[in-house]
Amino acid sequence: MKTQACIWLSPEDRATLEGWVADRNTPQKLVWRSRIVLLSADRARKMAIVRAVEKCKRTVDRWQERFMAQGLAGLQRDASRPGRKPPLAASVIERVVEMTLRQKPPAATHWSARRLAKTIGISHTSVQRIWNAHGLKPHLVKTFKLSNDKRFVEKVKDVVGLYLDPPDKALVLSVDEKSQIQALDRTQPGLPMKKGRAGTMTHDYKRNGTTTLFAALNVLDGTVIGRNMQRHRHQEFIRFLDTVEAQVTARKAIHAIVDNYATHKHPKVQNWLARHPRWTFHFTPTSASWLNAVEGFFAKLTRRRLKRGVFRSVDDLKAAIERFVAETNDDPKPFVWTAKPNRVLAAVKRGKQALESIH
């Protein structure tokens, strides 16, 4: 416990302090510091000083000591404080980036901020700032596949050309199937979302069967023709083509964008096309389903309706899918392709060059 400070003031110092207290232009912090010293010189108890200046005991002790060490000059200025931490050296930043890009931690596939910080000897927040500045996200990984199709350039220009400049008096349809959609029921009811807690659902589930959705997206107006079927063989695909054929006015030619699934190239499908000359199939390159616009519709269906859905039967699943298709057609959004073919081809070329340089 600190003892009572013993402060003696000369007449000159007292006059100066009293003048500061009385002057209305004196900064308030200098006023209460002066009062601390004056009260201390008058032998006031510490708690009386605390109540008089409305400061804590630590503050009273600090300015008593400052006056005894530096006199009046010590009251007029604040003590110097330590500056901000010096910035990291360029060599440290370079090492963080290099280890993130070129090295892997032992027994792990990628660095975490804390593990890399411990290895280098800096804070994990510094590692995070360096990663942000250099656009590095080692915790994320994206899947990709470069097409090895020998007719890749020809097919890309053909498909993208349909998106950018569709033929007159023709309909451009993006056609595909989403197979093996599972009717999943949870083993226990989920808990609803509330403040501070996300909604919950059990990690395990019961399978109640599957269905396959055949869909054709009209890229001009965004409407979808969809049909659920039990399987996804060429027989079902031909039945779906018949459905589309019946719904499209006979005066229009139909350009269908499809992938390289064997069902789409089956001899019986080819015979069907021969009997319906207004149909033309345009195949996407192998391993390039991202060119097929209907994949975006399937992604929205999965994200918005299927992923968190609870389906106690295949009929429940089919009804949910049909409602989603109907709601999409109530407020359709035309598909707009923004990437030019040359940009797509240039990106693929850069990807192949990067792979070749690594391997």
Side-chain angles (χ1 to χ4, degrees), residues 2 27-30 33 55-71 73-148 152 193 195-200 203 287-291 295-296 299 302-303 307 338-340 342-359:
K2 289 195 174 185
Q28 282 301 302
K29 63 180 180 180
L30 183 55
R33 291 172 188 174
K55 302 294 178 182
C56 66
K57 291 190 292 183
R58 182 179 298 177
T59 301
V60 172
D61 290 336
R62 179 186 303 121
W63 291 103
Q64 287 175 340
E65 294 171 358
R66 184 79 59 81
F67 177 77
M68 289 189 290
Q70 302 178 21
L75 301 180
Q76 292 178 286
R77 64 177 183 275
D78 294 332
S80 59
R81 295 179 176 86
R84 59 177 295 181
K85 292 183 179 179
L88 294 174
S91 58
V92 176
I93 297 176
E94 183 179 351
R95 187 183 175 199
V96 170
V97 174
E98 183 67 20
M99 291 185 68
T100 304
L101 294 175
R102 311 293 180 209
Q103 301 180 29
K104 292 184 178 180
T109 59
H110 61 279
W111 289 103
S112 68
R114 294 182 185 276
R115 189 165 192 176
L116 184 56
K118 184 177 180 181
T119 301
I120 295 180
I122 59 178
S123 68
H124 71 276
T125 55
S126 296
V127 172
Q128 290 170 339
R129 283 194 295 270
I130 294 171
W131 283 351
N132 290 337
H134 290 79
L136 300 176
K137 300 178 181 179
H139 61 291
L140 297 181
V141 62
K142 291 186 177 180
T143 57
F144 85 106
K145 178 70 179 293
L146 289 177
S147 175
N148 294 319
F152 179 81
M193 176 179 61
K195 183 178 180 180
R197 188 192 69 193
T200 66
H203 67 277
S287 304
S289 60
W290 45 268
L291 269 176
E295 295 294 343
T302 301
R303 185 172 60 251
K307 189 174 182 180
T338 57
K340 299 294 179 64
N342 291 337
R343 288 179 54 195
V344 176
L345 298 176
V348 172
K349 183 179 179 181
R350 290 194 302 270
K352 289 185 176 181
Q353 290 174 344
L355 282 179
E356 291 171 358
S357 64
I358 294 173
H359 300 289

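Environment of CD in Gln353: crowded, with over 12 heavy atoms of neighbouring residues, nucleotides or ligands closer than 6.0 Å. Shown here is Asn132, whose CG atom has more than 12 heavy atoms of other residues, nucleotides or ligands within 6.0 Å. No more than 12 heavy atoms of other residues, nucleotides or ligands lie within 6.0 Å of CZ in Arg77, so this atom counts as exposed by the packing criterion. Within 6.0 Å of CZ on Arg58 lie no more than 12 heavy atoms contributed by other residues, nucleotides or ligands.
In this structure, the separation between CG on Leu116 and NE2 on His110 is 11.5 Å, given to the nearest 0.5 Å. Note that the CD atom of Gln70 and the CD atom of Gln76 stand 11.0 Å from one another [nearest 0.5 Å]. Atom-to-atom distance recorded for His139:NE2 and Trp131:CH2 is 8.5 Å, nearest 0.5 angstrom. In this structure, the separation between CZ on Arg114 and OG on Ser123 is 10.0 Å, given to the nearest 0.5 Å. Atom CG of residue Leu75 and atom NZ of residue Lys29 lie 11.5 Å apart, to the nearest 0.5 angstrom. For the atom pair Arg129 CZ and Leu88 CG, the distance stands at 7.0 Å (nearest 0.5 Å).
Taking 4.5 Å as the limit, some side-chain heavy atom of Arg115 sits within range of a side-chain heavy atom of Pro106. Counting only heavy atoms from C-beta outward, the side chains of Thr125 and Gln128 approach each other to under 4.5 Å. With contacts defined as side-chain heavy-atom distances shorter than 4.5 Å, the pair Phe152/Leu146 does not qualify.
Minimum heavy-atom separation, Trp63 to Gly74: CZ3-O, 3.4 Å. Among all heavy-atom pairs drawn from Ser287 and Ser147, the shortest one is CB-CA, 4.2 Å. Between Lys307 and Arg303 the shortest heavy-atom distance is CB-O, 4.4 Å. Smallest separation of non-hydrogen atoms from Arg343 and Thr338: NH1-O, 4.1 Å. Across all their heavy atoms, Thr119 and Arg95 have their closest contact at O-NH2, 4.3 Å. In terms of heavy-atom proximity, Asp78 sits nearest to Arg66 at C-NH1, 4.3 Å.
Checked against Val96 for a side chain to side chain contact (heavy atoms under 4.5 Å, CB included), the options Leu101, Leu136, Ile122 give a single hit: Ile122.
Listed by chain and residue number, Glu98 satisfy the salt bridge (Lys or Arg N to Asp or Glu O under 4.0 Å) test with Arg102 (two or more places apart in sequence, or in another chain).
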